[in-house]
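Notes for the one structure printed next.
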Amino acid sequence: MLDSLNAQRLIALFAAGWLLFDYPLLGLWDRNETLFGIPVFPLALFVVWGLLIAALALFAEGAGRD
């Protein structure tokens, strides 16, 4: 099962999500600044979270094409 390209992509996506939501990288966004009136830290969290969900959807939908 782990030999398939889709499984490798999902493992890489998990690792990327783990790293993006780990402390050292989260500390980059922890500032008292706003972007269009929205604090940068929650905005970055939701953008990264949404991108990870979109990538997961793309990988899951493309699973039958391998």
Side-chain angles (χ1 to χ4, degrees):
M1 179 179 149
L2 291 179
D3 294 335
S4 72
L5 182 59
N6 195 40
Q8 292 174 6
R9 287 178 180 165
L10 291 176
I11 291 171
L13 185 64
F14 170 76
W18 187 321
L19 290 174
L20 287 171
F21 287 114
D22 199 17
Y23 169 70
L25 290 179
L26 279 181
L28 294 174
W29 302 106
D30 193 16
R31 300 182 181 165
N32 291 329
E33 298 177 8
T34 61
L35 184 65
F36 303 115
I38 302 171
V40 174
F41 186 67
L43 179 66
L45 284 178
F46 283 112
V47 167
V48 169
W49 184 43
L51 290 174
L52 286 172
I53 291 173
L56 178 63
L58 286 173
F59 293 155
E61 288 297 321
R65 294 186 214 153
D66 285 346

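Residue indices begin at 1 and follow the sequence shown.
When all heavy atoms of Leu20 and Val48 are compared, the pair lying nearest together is CD1-CG1, 3.8 Å. Nearest heavy atom pair, residue Ala55 against residue Leu13, reads CB-CD1, 3.8 Å. Pairing each heavy atom of Val40 with each of Leu35, the nearest pair is CG2-N, 4.4 Å. Of all non-hydrogen atoms in Phe41 and Leu26, the two that sit nearest each other are CE1-O, 3.6 Å.
Other residues, nucleotides and ligands contribute only 12 or fewer heavy atoms inside 6.0 Å of the CZ atom of Phe46. Other residues, nucleotides and ligands contribute more than 12 heavy atoms inside 6.0 Å of the CG atom of Asp22.
A distance of 10.0 Å separates CD1 of Ile11 from CG of Asn6, quoted to the nearest 0.5 Å. Here the CG-CG distance, from Leu5 to Leu10, works out to 9.5 Å after rounding to the nearest 0.5 Å.
Side-chain heavy atoms closer than 4.5 Å link hydrophobic residues (I, L, V, M, F, W, Y) into clusters, and following such links, possibly through other members, connects Leu25 to Leu45. Cluster membership for Leu28 and Leu52, using ILVMFWY side-chain heavy atoms within less than 4.5 angstrom, is shared. Clustering ILVMFWY residues whenever any of their side-chain heavy atoms sit less than 4.5 angstrom apart, transitively, puts Phe21 in the very cluster that holds Ile53.
Side-chain atoms of Phe36 and Leu43, non-hydrogen and from C-beta on, never get closer than 4.5 Å to each other.
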